[in-house]
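Working notes, structure below.
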Amino acid sequence: EGRIPAFIHCDEPMDVHLALEVAAANGFLHRTVLVLESECWKAADVIAERGVPVVLQPGLVHRERDPLTGEDIETFVPAVFDAKGVR
């Protein structure tokens with residue numbers, strides 16, 4: 001009914017899209033907070049567009065290997081969300 005906050009956990013960036021779609025379709029998007037794993041920074045544009053706040057997991061640095069160069073890439077997740085204006 002949208003009267004209490006809904007905390008939705010997302011493991012992957014594609015989970016963010018589904019969570020936001022379900023929240024919007026059921027009328028509780030304005031009361032939604034996303035609880036995110038580190039890789040979900042890749043959905044920061046969608047999260048910012050919807051104006052939904054987030055809770056970040058303790059792993060604040062996302063690490064992955066570039067498939068072309070083999071180079072390790074580190075992303076400081078809070079900085080990505082801050083730059084997009086996500087609370």
Side-chain angles (χ1 to χ4, degrees):
E1 297 173 350
R3 294 185 294 189
I4 60 173
F7 289 82
I8 303 173
H9 184 266
C10 300
D11 285 321
E12 305 283 334
M14 65 185 210
D15 297 341
V16 170
H17 297 281
L18 179 59
L20 294 173
E21 184 179 310
V22 168
N26 290 285
F28 60 89
L29 182 63
H30 66 287
R31 302 288 291 168
T32 297
V33 177
L34 298 176
V35 180
L36 305 175
E37 292 294 334
S38 66
E39 189 175 3
C40 291
W41 70 267
K42 295 176 182 179
D45 288 332
V46 173
I47 295 167
E49 181 181 301
R50 295 292 187 108
V52 175
V54 300
V55 173
L56 302 176
Q57 296 293 332
L60 299 178
V61 176
H62 177 74
R63 291 176 180 87
E64 64 185 320
R65 187 171 304 273
D66 185 300
L68 299 176
T69 66
E71 189 175 320
D72 286 332
I73 300 170
E74 289 187 352
T75 303
F76 185 59
V77 176
V80 174
F81 287 109
D82 184 57
K84 305 277 183 193
V86 175
R87 296 179 294 132

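The analysis underlying the following values was restricted to heavy atoms, covering all of them including side chains, and did not include hydrogens, waters or symmetry mates. What you see is a predicted model, and the numbers here were worked out from it, not measured in a lab.
Here the closest non-hydrogen pair linking P13 and A43 is O-CB, 4.0 Å. Counting all heavy atoms, side chain and backbone alike, F81 lies closest to C40 at CZ-O, 4.0 Å. Minimum interatomic distance between S38 and G59 (heavy atoms only, all atoms of both residues): CB-O, 3.4 Å. The two atoms that bring H17 and V46 nearest to each other are CE1-CG2, 3.3 Å, heavy atoms only.
Under the 4.5 Å side-chain contact rule for hydrophobic residues, V35 and V52 do not share a cluster. There is a path of hydrophobic side-chain contacts, each under 4.5 Å, that joins V54 to V61. Taking hydrophobic clusters as Ile, Leu, Val, Met, Phe, Trp and Tyr residues chained together by side-chain heavy-atom distances below 4.5 Å, V80 shares a cluster with V86. Under the 4.5 Å side-chain heavy-atom criterion for Ile, Leu, Val, Met, Phe, Trp and Tyr, V16 and V22 are members of the same hydrophobic cluster. Two different hydrophobic clusters hold M14 and L20 under the rule that ILVMFWY side chains link at heavy-atom gaps under 4.5 Å.
Note that CZ of F28 is 5.0 Å distant from CD1 of I8, once rounded to the nearest 0.5 Å. Here the CD1-NZ distance, from I47 to K84, works out to 10.5 Å after rounding to the nearest 0.5 Å. Here Q57 contributes atom CD and L36 contributes atom CG; the two are 8.0 Å apart, rounded to the nearest 0.5 Å.
A donor-acceptor contact shorter than 3.5 Å is absent between the side chain of D82 and the backbone of P78.
A salt bridge between D72 and R63 is absent, with no side-chain N of the basic residue lying under 4.0 Å from a carboxylate O of the acidic one.
Note on residues 8-23: no pairs pass salt bridge (charged side-chain N to carboxylate O under 4.0 Å, His left out), not counting sequence neighbours.
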